[in-house]
Asks: 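This structure is in structure tokens; I'll ask about it shortly.
The chains referred to below are lettered A, B, ... by the order of the sequence lines, with proteins before strands, and numbering in each begins at 1.
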Protein chains: 2
Amino acid sequence: MNLAQNSEQSDTREFILEKAIHLFAGQGYSGVSMRNIAEMVGISPAALYHHFPSKQKLYLDTMQYAFADKSTGIKEAINTTGTLSERLEDFIRQFTKMVAADQNFQRLMQRELLDGDEARLKLLAEHVFLDTYQSITELINELATDWDAHMLISSIAGLVIHHYESNSMRQFLPGAKPEHNDPDVVASHVNRLFQQALQTSKREK
Amino acid sequence: MNLAQNSEQSDTREFILEKAIHLFAGQGYSGVSMRNIAEMVGISPAALYHHFPSKQKLYLDTMQYAFADKSTGIKEAINTTGTLSERLEDFIRQFTKMVAADQNFQRLMQRELLDGDEARLKLLAEHVFLDTYQSITELINELATDWDAHMLISSIAGLVIHHYESNSMRQFLPGAKPEHNDPDVVASHVNRLFQQALQTSKREK
DNA sequence: GTCTATAAGCAGATAGAC
DNA sequence: GTCTATCTGCTTATAGAC
């Protein structure tokens with residue numbers, strides 16, 4: 001019995017995946033060639049086919065590898081202590097930090113939303129986001145009973161993700177400041193928007 | 001003097017651009033070949049080079065063509081009558097309808113944010129969004145003095161755009177309903193979020 | 001596990017006939 | 001203004017040596 005069986009696929013494979021994440025995030029599937037990846041890894045294109053049977057499979061494995069740890073990362077962003085309001089605020093702050101810290105993740109997500117087929121997007125939804133999504137749904141259903149939880153979660157994601165994904169263009173619009181990319185500033189802004197919107201709902205009941 | 005000089009570039013050119021918009025929105029620059037475009041147009045690949053000197057130029061002209069009318073469209077979404085609050089609400093509703101109605105525009109924007117170089121994104125910012133951006137900035141600076149206008153506008157765009165761009169994956173998450181894509185439902189949600197958040201700010205002053 | 005060599009096809013682009 | 005034919009180089013992928 002080989003104790004290392006599970007983790008031993010040679011680490012060249014993982015090294016390839018790391019490089020592939022960066023390339024696919026930057027140029028997309030059709031913008032990256034096997035030659036590009038091979039060059040970045042430091043091996044010949046043919047050697048890639050020893051680790052992956054095709055470019056398609058290499059891409060799919062890259063996505064799986066890139067999103068695997070994110071699933072747990074997002075899950076851990078949900079605290080189980082504090083008031084509902086504090087837990088939502090904390091999640092938004094953690095989620096913002098994640099998006100801000102990993103541009104590759106953000107860009108790969110964008111590209112999957114644009115180019116992913118139904119099966120792939122379903123996998124992404126269920127394997128990466130579902131658990132967290134359900135936790136936040138529960139939280140919101142208790143915190144803001146008169147809101148549609150699905151729409152509110154889409155709003156949280158949209159506020160954070162779009163802010164970072166639009167940065168490349170937003171920087172050319174008036175009023176843009178460097179601190180607008182500071183995850184703490186962004187999270188505070190989003191939190192204020194939500195706290196005040198949800199607070200008003202309560203008052204008016 | 002040729003009276004038709006300005007508009008006469010033969011309408012084959014425009015027909016090519018229309019087809020190119022759809023293809024580039026769908027597959028992106030590197031995902032679309034001159035052969036693909038030629039086939040969709042119904043001419044030979046070589047004939048494309050009579051209208052455009054290169055694929056690069058065809059792509060750039062396609063972007064210009066696709067975004068040209070959007071600039072005026074977004075500008076016209078700003079009403080000059082009604083209260084400040086009503087004008088913001090109206091803009092959000094109009095903007096949401098625009099995004100929902102034109103998937104190509106939304107996808108081309110996404111792709112430009114991912115792949116556009118600085119010069120192109122600067123042009124996009126200044127030619128398509130600047131005017132509207134400034135009008136909304138004025139509106140917000142009067143309506144919500146204690147908010148950062150730049151952040152709030154990014155938020156409006158993020159809420160609307162991300163909602164539609166994430167739909168391909170969101171549909172696999174619980175609580176998704178077909179009406180969540182109805183621009184009236186989305187606009188109402190976003191408007192409620194903003195009205196309540198901005199209203200609270202006022203009360204607390 | 002990586003290499004060189006190579007196959008088979010598609011890419012952007014041009015030449016020149018009509 | 002569009003065609004056919006073609007050039008050159010890059011694409012994914014394979015064969016077989018080491």
Side-chain angles (χ1 to χ4, degrees), chain A residues 2 4-65 111 114-117 120, chain B residues 2 4-65 108 111-112 114-117 120:
Chain A
N2 181 7
Q5 190 180 10
N6 222 1
S7 62
E8 262 331 306
Q9 304 261 59
S10 95
D11 55 8
T12 302
R13 188 191 142 91
E14 258 188 54
F15 188 64
I16 294 170
L17 290 170
E18 300 278 3
K19 296 295 183 185
I21 285 178
H22 187 249
L23 284 169
F24 284 133
Q27 270 76 246
Y29 180 78
S30 56
V32 174
S33 69
M34 294 298 267
R35 277 173 164 75
N36 295 151
I37 299 170
E39 188 181 18
M40 189 120 306
V41 173
I43 58 175
S44 71
L48 287 175
Y49 288 89
H50 175 79
H51 302 277
F52 306 92
S54 68
K55 185 187 175 185
Q56 270 284 340
K57 192 58 169 46
L58 165 52
Y59 178 76
L60 294 175
D61 286 2
T62 302
M63 293 304 108
Q64 205 173 343
Y65 182 75
R111 296 196 185 278
L114 281 167
D115 300 322
D117 60 33
R120 233 153 69 198
Chain B
N2 180 6
Q5 189 180 10
N6 222 1
S7 63
E8 261 332 306
Q9 305 261 58
S10 95
D11 54 9
T12 302
R13 189 191 142 90
E14 258 189 55
F15 188 65
I16 294 170
L17 290 171
E18 301 278 3
K19 296 295 183 185
I21 284 178
H22 187 249
L23 284 170
F24 283 134
Q27 270 75 249
Y29 180 77
S30 56
V32 174
S33 69
M34 295 297 268
R35 283 170 167 78
N36 294 152
I37 299 169
E39 189 181 18
M40 189 120 305
V41 173
I43 58 176
S44 71
L48 287 176
Y49 288 89
H50 175 77
H51 301 277
F52 306 92
S54 68
K55 185 188 177 185
Q56 270 284 340
K57 191 60 168 46
L58 165 52
Y59 178 75
L60 294 175
D61 286 3
T62 303
M63 293 303 108
Q64 205 173 344
Y65 182 75
L108 286 178
R111 294 196 186 278
E112 278 297 284
L114 282 167
D115 300 323
D117 58 34
R120 235 152 70 199

Asks: At under 4.0 Å between heavy atoms, which parts of nucleotides 13-18 of chain C does protein reach? Answer with one letter per nucleotide, 5' to 3': B base, S sugar-phosphate only, - none.
Replies: BBB---
Asks: Measuring only between side-chain heavy atoms, which start at C-beta, is B:Ile37 closer than 4.5 Å to B:Lys55?
Replies: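 A side-chain contact under 4.5 Å is absent here.
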Asks: Can you see if the side chain of B:Ser33 gets near the phosphate of C:dC10 - specifically, an N or O under 4.0 Å from OP1 or OP2?
Replies: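 For B:Ser33, the contact criterion (side-chain N or O under 4.0 Å from OP1 or OP2 of C:dC10) is not met.
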Asks: To the closest 0.5 Å, what do you measure between CZ (A:Arg111) and CG (B:Asp115)?
Replies: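 If I round to the nearest 0.5 Å, the distance is 4.0 Å.
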Asks: First locate atom CD1 of A:Ile43, then atom CG of A:Leu48, and finally report the distance between them rounded to the nearest 0.5 Å.
Replies: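 The distance works out to 4.5 Å.
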Asks: Distance under 6.0 Å and angle within 45° of the ring axis: does B:Lys57 meet both against B:Tyr49?
Replies: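 That pair does not qualify as a cation-pi contact.
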Asks: Work out which heavy atom in A:Leu58 is nearest to a heavy atom in A:Ala20; give both atom names and the distance.
Replies: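 Heavy atoms of A:Leu58 and A:Ala20 come nearest at CD1-CB, 4.4 Å.
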Asks: Which distance, rounded to the nearest 0.5 Å, do you find between the CD1 of A:Ile21 and the OG1 of A:Thr62?
Replies: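 These two atoms lie 7.0 Å from each other.
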Asks: Which residues, if any, of residues 19-30 of chain B bring a heavy atom under 4.0 Å of DNA chain D?
Replies: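 Of all residues in residues 19-30 of chain B, none places a heavy atom under 4.0 Å from DNA chain D.
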Asks: Take the protein atom NE2 of A:His51 and the nucleotide atom C1' of D:dA13, then report the distance between them rounded to whole Å.
Replies: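 Roughly 16 Å, once rounded to whole Å.
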Asks: Let me confirm one number: the NE2-CG distance from B:His22 to B:Leu17, rounded to the nearest 0.5 Å.
Replies: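 CG of B:Leu17 is found 15.0 Å from NE2 of B:His22.
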Asks: Calculate, to the nearest 0.5 Å, the distance between atoms CG and NE2 belonging to A:Asp61 and A:His51 respectively.
Replies: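 NE2 of A:His51 is found 12.5 Å from CG of A:Asp61.
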Asks: Write down the distance between CZ (B:Phe52) and C1' (D:dG1), rounded to a whole number of angstrom.
Replies: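 Answer to the nearest Å: 14 Å.
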Asks: Return the value, rounded to whole Å, for the distance between atom CD of A:Glu39 and atom P of D:dC10.
Replies: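 Interatomic distance, CD of A:Glu39 to P of D:dC10: 12 Å.
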Asks: Can you tell me how far CZ of B:Arg35 sits from CD of B:Glu39, rounded to the nearest 0.5 angstrom?
Replies: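 The CZ atom of B:Arg35 is 11.0 Å from CD of B:Glu39, to the nearest 0.5 Å.
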Asks: If you check the B:His50 side chain, which of D:dC3, D:dG1, C:dC3 turns out closest?
Replies: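 Nearest to the side chain of B:His50 among the choices is D:dG1.
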Asks: Give the nucleotide from the list C:dT2, D:dG1, D:dT4 with an atom nearest to the side chain of A:Thr12.
Replies: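 The answer is C:dT2.
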Asks: Output the rounded distance in Å from CD1 (B:Ile16) to C1' (D:dG1).
Replies: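 In whole Å, D:dG1 C1' lies 10 Å from B:Ile16 CD1.
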Asks: Which nucleotide in the set D:dG1, D:dC3, C:dC3 lies at the smallest distance from any side-chain heavy atom of A:Ala47?
Replies: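 Of the options given, the side chain of A:Ala47 lies nearest C:dC3.
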Asks: Please determine if a side-chain N or O atom of B:Ser44 lies less than 4.0 Å away from the OP1 or OP2 oxygen of D:dT2.
Replies: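 So the side chain of B:Ser44 is outside the cut-off, no N or O lying under 4.0 Å from OP1 or OP2 of D:dT2.
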Asks: Is A:Val32 touching bases, backbone alone, or none of the nucleic acid, heavy atoms closer than 4.0 Å?
Replies: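 Result for A:Val32 = sugar-phosphate.
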Asks: Rounded to whole angstroms, how far apart are CD1 on A:Ile37 and C1' on D:dC10?
Replies: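 For the pair A:Ile37 CD1 and D:dC10 C1', the rounded distance is 15 Å.
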